[in-house]
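Sequence lines set the chain letters: A, B, ... in the order given, protein chains first and strands last, and positions in each chain run from 1. Note: hydrogens, waters and symmetry copies are ignored here, and every other heavy atom, side chains too, is used.
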Number of protein chains: 2
Amino acid sequence: MSSSPALAEVARLAGVSVATASRVLSGRGPASAASRDAVRRAAADLGYVPHPVASRLARGVGTRLLFAVRDRRADVLSDPFVTRATAAMAAATEPAGLGVSLRHLPLNAAAELDRIAADRSIAAVVMAGHDSLDGIPARLRGRFAAIGADGLDVDSTGGIGALLRHLHAGGRRRIALVGGPSWLAAARAPLAAYTALMSAAGLPSRVVAGDFTAARGRAAARTVLRRWPDTDAIATVSDATAVGVLQTLTEAGIRVPHDIAVTGFDDIPVAAWTHPALSTATHPVELIAAAAAAAALGTAPRIRRFPSLPVLRASA
Amino acid sequence: MSSSPALAEVARLAGVSVATASRVLSGRGPASAASRDAVRRAAADLGYVPHPVASRLARGVGTRLLFAVRDRRADVLSDPFVTRATAAMAAATEPAGLGVSLRHLPLNAAAELDRIAADRSIAAVVMAGHDSLDGIPARLRGRFAAIGADGLDVDSTGGIGALLRHLHAGGRRRIALVGGPSWLAAARAPLAAYTALMSAAGLPSRVVAGDFTAARGRAAARTVLRRWPDTDAIATVSDATAVGVLQTLTEAGIRVPHDIAVTGFDDIPVAAWTHPALSTATHPVELIAAAAAAAALGTAPRIRRFPSLPVLRASA
DNA sequence: CTGTTAGCGCTTTCAA
DNA sequence: TTGAAAGCGCTAACAG
């Protein structure tokens with residue numbers, strides 16, 4: 001009484017076998033219009049709610065989507081991008097009866113990837129911070145997607161390019177870049193865009209490595225000021241990094257954007273609230289996450305590239 | 001070959017029945033030291049990885065934890081508190097083979113709660129924004145927890161109290177409060193703390209309703225300035241709201257904290273980056289979320305109260 | 001303490 | 001197009 005009716009009850013009421021009921025309700029396999037109707041009606045009358053767990057066990061496909069974030073630090077799991085993406089996937093996969101699991105992976109995690117591939121409760125894996133897709137276990141083939149690689153990414157070249165051109169148009173000529181971590185292949189694209197644009201404009205390249213954190217941004221800003229004191233703009237590939245840069249500059253009595261312009265990347269909520277408000281590039285993180293989940297689960301085309309559009313506020 | 005061995009293989013290699021192997025590996029039920037060893041060894045030799053889905057189907061317990069957020073607006077799912085809590089639960093439940101699903105519930109959602117209770121893939125439900133726990137379907141009994149009610153909450157009375165006392169000690173005497181939404185029972189505690197403290201100090205109460213968003217904070221600040229122009233402090237129950245207040249005050253040329261002090265609540269990352277940096281109360285959101293998940297899943301005591309400690313920065 | 005026997009609820013050959 | 005039957009991998013009485 002208290003638990004909802006099983007497929008068998010629906011089949012009985014509809015006067016068909018469970019096999020037929022299953023075909024109708026799951027939509028795979030043939031079914032006559034007559035039995036289709038009967039089953040649908042019976043299911044509705046009984047208030048039938050399917051049991052995704054039983055279904056997925058029978059099909060051998062796992063009940064959760066794993067979001068595996070590769071990073072040097074374990075606390076990357078509280079990074080705003082990660083939490084937003086996790087929540088977006090948890091909302092996107094909810095209707096399918098799936099859940100999302102979140103896990104940190106160190107830079108070298110071949111063994112853990114093997115364990116993941118062996119875990120039959122995992123339907124698919126979405127990865128972030130991964131680059132060489134060669135190390136992926138064969139058993140994961142066809143059921144993973146990698147954000148920032150694998151054709152599923154933001155047009156960072158375009159976004160950084162637009163920001164740099166904006167700085168140039170504003171008269172900035174000594175533009176430094178705080179890039180991404182060197183171990184991350186996805187960090188190469190913005191860097192390449194920067195060096196290409198700088199050399200095309202006949203300007204010097206001034207690059208410091210970052211890691212998407214505010215702390216690293218503060219350190220990077222100090223490095224820039226020390227090595228190239230005449231810098232008049234600092235571009236970054238992360239809003240958190242840009243916030244760190246802003247803090248260091250402000251503490252040093254440097255006016256932003258008057259003395260040095262600063263740009264971020266991602267447009268996280270905080271970007272609108274810094275002082276001065278951050279000029280950055282906006283990315284549809286929720287859409288990207290949902291697309292990654294769909295791609296990993298095989299319910300959507302794998303290749304998608306998302307726009308990176310500049311949003312100009314006060315800092316540049 | 002490619003898929004990992006099942007329990008039957010382990011049992012065979014260990015020379016016991018699957019039942020015994022199950023008892024040993026799942027830890028429920030008796031087992032002699034001898035068979036314990038044999039099974040453990042066999043499992044290790046074979047590289048056995050348990051199949052949580054099969055296990056949970058057999059036990060009839062569902063494979064995902066649903067985080068149901070009640071709010072007037074559907075985009076509450078991208079609220080920083082929600083995304084942080086979701087990610088924390090997704091990380092906390094990962095080792096158990098569970099996933100997290102995220103879902104928005106409108107204020108009046110009795111029917112949806114019934115559907116949720118009927119969904120056998122849902123192991124347990126963690127709710128936020130719910131207050132009257134009376135409307136909870138009986139089938140959910142014993143497998144849900146409510147953040148902000150149900151004894152699982154932050155000591156908001158203590159946190160708000162500490163901030164108000166700090167304002168008072170700093171000489172503020174005309175303190176306004178931007179509270180929580182009136183439909184939320186959990187918003188009553190901070191409000192009660194405020195009115196109690198104000199009347200005890202012989203000060204007037206100045207309350208405006210908020211809703212945890214920055215937009216509402218901006219509007220609330222305008223209301224305060226209009227109704228009580230001599231206000232010298234604005235306390236809030238949300239950092240986002242406080243940011244909105246800060247924006248309005250700054251735009252109006254009012255100096256913070258010189259003319260009006262401002263306090264937030266929650267200590268989200270942005271609190272440290274506003275201008276001036278926000279004095280607020282810090283809450284262990286990740287711990288709270290993990291505790292809620294554990295409570296809902298029945299793996300921990302239900303009643304827990306978390307500290308709300310003031311963190312004083314520049315805004316008050 | 002252990003093995004046997006039924007399932008959990010759904011899917012999927014295979015014959016008809 | 002349909003039904004019977006055999007699982008998916010594990011758990012839980014129930015005897016012994």
Exercise. Leu25(B) has an atom CG; how far is it from atom P of dT11(D), in whole Å?
Worked result: 8 Å
For this session: Scan Ala19(B) against the nucleic acid and name what it touches under 4.0 Å (heavy atoms): base, sugar-phosphate only, or nothing.
Result: base
Exercise. Any donor-acceptor pair under 3.5 Å joining the side chain of Arg23(B) to the base of dG3(C)?
Worked result: yes
For this session: Considering just the side-chain nitrogens and oxygens of Tyr48(A), establish if one lies under 4.0 Å of OP1 or OP2 belonging to dG9(C).
Result: no
Problem set entry | Separation of atom CG in Leu7(B) from atom P in dG9(D), rounded to whole Å | 11 Å
Problem set entry | Under-4.0 Å side-chain N/O to phosphate OP1/OP2 contact, Ser32(A) with dT1(D) | no
Exercise. Can you tell which of dT11(D), dG3(C), dG9(C) lies closest to the side chain of Ser26(B)?
Worked result: dT11(D)
For this session: Look at the side-chain N and O atoms of Ser35(B) and state whether any lies under 4.0 Å from the OP1 or OP2 oxygen of dT2(C).
Result: yes
For this session: Answer yes or no: does atom CZ of Arg143(B) have more than 12 heavy-atom neighbours from other residues, nucleotides or ligands under 6.0 Å?
Result: yes
For this session: Give a yes or no on whether Arg103(B) atom CZ has more than 12 heavy-atom contacts from other residues, nucleotides or ligands under 6.0 Å away.
Result: yes
For this session: Answer with base, sugar-phosphate or nothing: what part of the nucleic acid does Ala21(A) contact at a heavy-atom distance below 4.0 Å?
Result: nothing
Exercise. Under 4.0 Å between a side-chain N/O of Thr20(B) and OP1 or OP2 of dG3(C), yes or no?
Worked result: yes
Problem set entry | CZ/Arg305(B): more than 12 non-hydrogen atoms of other groups inside 6.0 Å | yes
Exercise. Want to settle it: does Arg36(B) or Gly60(B) sit nearer the 5' end of DNA chain C, counting the closest nucleotide to each?
Worked result: Arg36(B)
Exercise. Checking all strands, does Val16(A) fall into the base, sugar-phosphate, or nothing category for heavy-atom contacts under 4.0 angstrom?
Worked result: sugar-phosphate
For this session: Would you classify Arg28(A) as touching base, sugar-phosphate or nothing, given that sugar-phosphate means primed atoms plus P, OP1 and OP2, and contacts are heavy atoms under 4.0 Å?
Result: sugar-phosphate
For this session: Report yes if at least one side-chain N or O of Ser55(B) is closer than 4.0 Å to OP1 or OP2 of dG9(D); otherwise report no.
Result: no
Exercise. Between Ser121(A) and Arg64(A), do the side chains contain an N or O donor and an N or O acceptor separated by less than 3.5 Å?
Worked result: yes
